[in-house]
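Please read the structure below before turning to the comments.
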Amino acid sequence: MKKLFVFAAGALAALALAGTAPAAGSTPKLLKKFQPVLVFHPDEEFRPTTVESFIRDSDLEAATSPTTWTVVNPSPTPDDLPTSSPPVWRLNQQPCFAGAPLGDLPCYVVGASDEPGVTVYGRVVKDGKSIVLQYWLFYYDNLYRYPFLPLGTIWQSHEGDWEVVNVVLTNQKRPVAVGLSEHCSGETRAWDESERRDGHPTVYIALGSHANYFEPGLHEFEQACLPAQVIAFFQQAGLPLPADVAASGPVAGPKRLGVQRAGIATIAEGSPRWVAFPGFW
């Protein structure tokens with residue numbers, strides 16, 4: 001079977017929702033109260049980490065043609081990233097190459113080891129009749145492994161992977177729903193129908209892709225997230241369409257639950273400066 005891979009830089013999803021932030025003093029308290037519990041696959045190599053360490057290990061590059069990138073700054077910092085385009089920008093992790101065999105996984109694992117621990121970026125937004133708690137998760141690398149064939153047969157890789165968990169509250173701060181990012185789409189479930197641990201929503205993170213799910217197991221991709229040629233490839237080969245695998249393994253979240261601590265770094269629209277970076281990670 002021919003190896004299949006995609007080399008792409010993961011774009012930063014918009015960190016903003018229309019609306020205004022609640023009073024500053026209530027933000028950390030709300031984020032801690034409903035902080036999600038993150039359950040990783042036993043074989044997962046990465047944890048959500050800090051943006052600062054990824055930037056430190058990257059070149060800032062600008063697109064000079066559809067296929068050419070030029071290094072603009074070999075030592076960017078979070079405070080000097082551009083905040084507007086053109087040109088098209090990207091942060092390119094050095095010396096790793098996502099198009100290498102099996103996505104150059106060992107290289108990214110070494111890079112991520114610079115910043116041990118788990119970091120979640122939290123933001124609180126008031127949107128009409130709701131308060132939305134956003135928990136942004138940043139991973140150094142995304143290496144999706146097709147689960148129906150031996151490891152390395154079919155895979156997809158890109159560096160810089162943003163995911164998000166949203167908890168929706170009423171204006172009276174009562175939780176009503178949980179929303180999870182999954183590839184190009186997502187899933188929402190009522191609060192009362194979501195698994196929780198001592199009041200914290202539980203999220204199962206798929207091996208490699210870091211898509212978020214409400215329960216462990218095998219999860220088929222939303223077909224709208226698959227290009228037509230990819231669907232055709234699997235159909236012609238007589239293979240199942242891609243699916244994620246989530247399983248109960250290491251857990252991170254609020255320290256009081258007796259799991260690995262996931263620290264919350266509060267962000268806002270345009271603050272810190274890297275939030276406004278318009279390029280690819």
Side-chain angles (χ1 to χ4, degrees), residues 1-13 40-51 53-61 63 66-69 88-115 136-164 181-185 205-213 218-223 225-234 237 239-247 249 279-281:
M1 179 65 67
K2 182 180 179 181
K3 290 182 180 177
L4 172 70
F5 66 85
V6 177
F7 173 46
L12 171 62
F40 300 93
H41 190 284
D43 296 330
E44 178 59 53
E45 299 89 355
F46 298 96
R47 299 292 184 270
T49 189
T50 64
V51 162
S53 62
F54 186 87
I55 296 171
R56 182 176 63 240
D57 294 340
S58 299
D59 288 345
L60 175 65
E61 299 178 348
T67 58
T68 304
W69 295 87
V88 176
W89 303 98
R90 78 174 182 185
L91 288 165
N92 189 8
Q93 185 76 184
Q94 298 298 327
C96 308
F97 174 52
L102 203 58
D104 211 2
L105 178 63
C107 182
Y108 289 105
V109 170
V110 170
S113 68
D114 290 349
E115 197 71 27
W136 291 92
L137 314 173
F138 179 74
Y139 300 87
Y140 257 65
D141 186 45
N142 174 310
L143 178 64
Y144 168 74
R145 284 148 273 199
Y146 184 70
F148 304 112
L149 290 172
L151 177 66
T153 305
I154 297 177
W155 50 274
Q156 182 212 39
S157 178
H158 67 75
E159 64 183 44
D161 184 20
W162 281 100
E163 303 291 342
V164 67
S181 63
E182 298 169 2
H183 302 288
C184 75
S185 61
I205 297 170
L207 175 63
S209 77
H210 309 134
N212 299 310
Y213 293 97
L218 192 68
H219 300 273
E220 294 183 358
F221 281 25
E222 174 65 46
Q223 287 198 29
C225 298
L226 298 172
Q229 62 268 32
V230 171
I231 294 175
F233 167 83
F234 286 98
L239 294 170
L241 291 179
D244 276 320
V245 178
F280 295 94
W281 293 78

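The chain is numbered in sequence order, starting from 1.
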With a 4.5 Å heavy-atom cut-off, do [X] and [Y] have their side chains touching?
| X | Y | value |
| --- | --- | --- |
| Leu60 | Leu91 | yes |
| His219 | Glu182 | no |
| Phe280 | Trp89 | no |
| Leu105 | Glu45 | yes |
| Phe46 | Val109 | yes |
| Ser58 | Gln94 | no |

Quick one: does [X]'s side chain have a donor or acceptor within less than 3.5 Å of a partner on [Y]'s backbone?
| X | Y | value |
| --- | --- | --- |
| Tyr144 | Ile154 | no |
| Glu44 | Gly208 | yes |
| Tyr213 | Asp244 | no |
| Thr153 | Leu149 | no |
| Glu159 | Gln93 | yes |
| His183 | Ser185 | no |

Kindly give the heavy-atom pair with the smallest separation between [X] and [Y], and that separation in Å.
| X | Y | value |
| --- | --- | --- |
| Val245 | Pro147 | CG2-CB, 3.7 Å |
| Phe40 | Pro48 | CZ-CD, 3.6 Å |
| Leu226 | Pro242 | CD1-CD, 3.9 Å |
| Trp69 | Val88 | CZ3-O, 3.5 Å |
| Cys96 | Tyr108 | CB-CZ, 3.3 Å |
| Ser157 | Gly103 | OG-CA, 3.5 Å |

Checking Ser181 against Asn212: is there a side-chain donor and acceptor pair closer than 3.5 Å?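 Distance-only check passes for Asn212 and Ser181.
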Side-chain H-bond candidate by donor/acceptor type, Tyr140 with Asp57, under 3.5 Å: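 Indeed, the side chains of Tyr140 and Asp57 share at least one donor-acceptor pair under 3.5 Å.
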Please walk me through it: do Asp114 and Ser53 pass side-chain hydrogen bond (donor to acceptor under 3.5 Å, both in side chains)? CA-CA 7 Å; Asp114 290 349; Ser53 62; over 6 Å; no
Quick one: pull up [atom1] in [X] and [atom2] in [Y] and give me the separation to the nearest 0.5 Å.
| X | Y | atom1 | atom2 | result |
| --- | --- | --- | --- | --- |
| Thr50 | Ile55 | OG1 | CD1 | 8.5 Å |
| Thr49 | Phe138 | OG1 | CZ | 8.5 Å |
| Glu220 | Cys225 | CD | SG | 12.5 Å |

May I ask you to check if Arg90 and Trp281 form a cation-pi contact, with NZ or CZ under 6.0 angstrom from the six-membered ring centre and within 45° of the axis?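 No, Arg90 and Trp281 do not form such a contact.
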Kindly determine whether Leu207 and Arg145 satisfy side chain to side chain contact (heavy atoms under 4.5 Å, CB included), including the steps that lead there. CA-CA 8 Å; Leu207 175 63; Arg145 284 148 273 199; 3.9 Å; yes
Is Gln229 atom CD crowded by more than 12 heavy atoms from other residues, nucleotides or ligands, each under 6.0 Å away?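 Enclosed.
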May I ask you to check whether Phe234 and Tyr146 place their ring centres under 6.0 Å from each other?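 Yes, the ring of Tyr146 comes within the 6.0 Å limit of the ring of Phe234, centre to centre.
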Under the criterion side-chain hydrogen bond (donor to acceptor under 3.5 Å, both in side chains), I'd like the reasoning laid out for Asp141 against His158: C-alpha separation, chi angles, the key distance, then a yes or no. CA-CA 6 Å; Asp141 186 45; His158 67 75; over 6 Å; no
Please state whether the rings of Tyr139 and His210 are parallel, tilted or perpendicular, taking 30° and 60° as the class boundaries.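 Ring orientation of Tyr139 relative to His210: parallel.
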Salt bridge or not for Arg47 and Glu163, using N-O below 4.0 Å?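 Salt bridge: no.
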